[in-house]
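Throughout, a chain's letter reflects where its sequence line sits, starting with A, and its residues are numbered from 1. Because the structure is predicted, anything quoted here is derived from the model rather than measured.
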2 protein chains.
Amino acid sequence: MRRDADEREFLAAYDPHAYAPVAVTVDVVAMTIRAREPLVLLVRRGASPQKGRWALPGGFVRAEDGPRGPADPDLPDAALRVLAEKTALPTTLHLEQLGTYGARGRDPRMRVFSVAYMLLAPDLPDPEQGRDTAEAAWVPWRDLGHGGTARYEPAFDHARIIADAVERARAKLEYTSLATAFLPPVFTITDLREVYEAVWDRSLHAANFHRKILAAPGFVRDTGELADRGGSGGGRRPRLYRAGGTAALHPPLLRSAP
Amino acid sequence: MRRDADEREFLAAYDPHAYAPVAVTVDVVAMTIRAREPLVLLVRRGASPQKGRWALPGGFVRAEDGPRGPADPDLPDAALRVLAEKTALPTTLHLEQLGTYGARGRDPRMRVFSVAYMLLAPDLPDPEQGRDTAEAAWVPWRDLGHGGTARYEPAFDHARIIADAVERARAKLEYTSLATAFLPPVFTITDLREVYEAVWDRSLHAANFHRKILAAPGFVRDTGELADRGGSGGGRRPRLYRAGGTAALHPPLLRSAP
DNA sequence: ACAAAAGTGTTGTATATACACCCATGC
DNA sequence: GCATGGGTGTATATACAACACTTTTGT
């Protein structure tokens with residue numbers, strides 16, 4: 001009995017419905033920071049199952065051109081499309097694939113494979129500005145799942161997906177320049193430090209952080225300009241920087257220090 | 001026009017064939033090290049398209065129970081199943097999701113989403129011992145793709161997937177204890193160093209490496225035993241260690257040193 | 001005896017931390 | 001002036017790379 005993968009693929013090409021139908025969706029963990037608080041975008045489900053629960057913005061990948069619109073050329077396009085239906089997209093953003101979740105039974109209707117994306121962006125507008133009228137909200141990470149007073153209990157396995165995204169973001173801040181994705185094009189070293197402090201939920205030594213950032217080649221580029229004014233209660237005008245384009249940090253910034 | 005994701009999901013539940021059919025496959029980048037040479041498992045395609053080209057072992061995810069066998073409960077189960085059809089599986093292995101590739105046109109027959117897995121294992125047997133009779137081979141990383149005398153030119157976008165896996169493995173050796181996944185349960189520090197040297201393709205200072213490993217908490221656990229004998233040409237009998245169970249390394253081992 | 005491999009000691013250099021301090025600005 | 005925040009200097013502790021050296025084994 002020689003019935004290997006290639007033969008099966010061949011059969012499938014001529015009779016696609018010979019297999020149990022599967023669905024592929026994208027779910028987006030959109031993250032931003034507002035007033036030193038890291039947030040994730042959730043939408044309230046308007047249909048069963050899990051109607052009324054909060055969930056990640058997502059939707060089916062458009063495999064081929066059809067009445068609903070053209071096909072998504074690739075998975076990142078699908079991620080941006082479904083997110084654009086919920087909120088206005090920023091001009092600068094970081095989009096990265098998190099992983100695919102496909103356990104049997106994670107959706108009660110059929111076998112659904114969800115490709116999760118993580119999107120990082122500077123302070124996004126409130127979701128009411130999006131094209132879709134479904135209820136949506138920016139939710140603080142700390143209000144999610146992990147016991148206690150969980151105001152938002154995500155649907156399906158979305159709590160798990162968000163937890164994976166949070167851990168990915170925390171880890172990548174150590175050894176990449178990902179933190180700049182949470183900031184506008186021009187920022188100060190203090191802005192950058194506040195990103196780290198918000199994501200890691202710990203305070204960092206400001207003076208040493210400053211030097212460490214400038215010592216890491218390619219992390220930031222000096223614009224030569226100063227901010228219009230210092231802090232609200234006085235203070236020197238800080239220098240302004242841009243992201244330097246480096247992906248990997250050498251040396252890394254470790255979050256394990258005392 | 002209110003036609004949001006939830007409604008679409010709802011429709012799909014009642015008429016799955018209303019959507020263009022899509023396929024979900026798993027492809028496994030199985031890696032091992034033999035005689036200090038990192039290898040990846042490839043199989044020769046027996047059917048068109050790309051008949052005769054080398055490709056990653058893979059196959060369709062079984063969404064539901066059917067005549068070919070029971071459904072795969074989750075994606076990792078599918079990855080292990082398709083790999084078991086090509087080679088004998090080791091008792092200890094590390095399996096990790098790499099990413100999902102779903103660009104339109106990557107398979108000429110239909111829209112295929114491939115969930116790629118990376119599998120790391122100690123020196124695996126030759127694939128002839130697998131249940132499947134298709135031609136398969138362990139191929140050195142250096143013989144793949146990147147220009148020159150490419151004896152093996154992978155099918156579809158598999159060269160890209162392998163390159164992503166190699167880079168993932170190289171990076172994770174820096175800040176996790178992943179290297180032990182290439183070794184049997186009991187090993188010496190020199191064995192561990194040779195894993196790093198093979199994967200990074202550079203030599204490391206033996207004495208300093210030794211101390212660094214022992215200084216990283218939880219990387220290895222001393223068994224208290226010594227190897228039966230030293231090297232072939234003489235030498236002290238090395239201590240034997242087991243993997244220590246730690247995932248993250250503090251401090252990391254950086255590959256950027258001179 | 002000799003070579004080979006494991007493992008330890010030592011030392012100069014680099015890096016990180018903590019703390020003190022100066023600079024510039026708002027009120 | 002004085003509080004606030006940006007930024008620099010510097011001593012101390014720590015970590016790392018390089019090299020020398022000792023220990024233990026096979027031939």
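A30(B) is linked by a side-chain contact (heavy atoms from CB on, under 4.5 Å) to V28(B), L41(B), L83(B), L119(B), W138(B), counting only residues two or more places apart in sequence or in another chain. Listed by chain and residue number, nothing satisfies the side-chain contact (heavy atoms from CB on, under 4.5 Å) test with A163(B) (two or more places apart in sequence, or in another chain). For the side-chain contact (heavy atoms from CB on, under 4.5 Å) test, residues two or more places apart in sequence or in another chain that qualify with L226(A) are R237(A), R239(A). In terms of the side-chain contact (heavy atoms from CB on, under 4.5 Å) criterion, P251(A) has no residue partners (sequence neighbours excluded).
Salt-bridge annotation for R255(A) and E167(A): present, with a side-chain N of the basic residue lying under 4.0 Å from a carboxylate O of the acidic one.
Across all their heavy atoms, Q97(B) and T100(A) have their closest contact at OE1-N, 2.6 Å. Across all their heavy atoms, P238(A) and T188(A) have their closest contact at CG-CG2, 3.7 Å.
For the residue pair D164(B) and Y101(B), a side-chain donor N or O sits within less than 3.5 Å of a side-chain acceptor on the partner.
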| task | Would you mind building the protein contact string for nucleotides 6-16 of chain C? One character per nucleotide, 5' to 3', B for base within reach (heavy atoms under 4.0 Å), S for sugar-phosphate only, - for untouched. | result | BSBBB-----S

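Between the NE2 atom of H250(B) and the P atom of dA15(D) there is a distance of 14 Å, given to the nearest Å. Atom-to-atom, NE2 of H205(B) to P of dA20(D) comes out at 10 Å; the value is rounded to the nearest Å. In this entry the distance linking CZ of R255(B) with P of dA17(D) reads 15 Å, nearest Å. Computed from coordinates, the E174(B) CD to dC16(D) C1' distance equals 16 Å when rounded to whole Å. With rounding to whole Å, D228(A) atom CG is found 15 Å from dA24(C) atom C1'.
DNA chain D forms stems at C:1-27 with D:1-27, each a run of 3 or more consecutive Watson-Crick or G-U wobble pairs whose two key distances fall under 3.5 Å.
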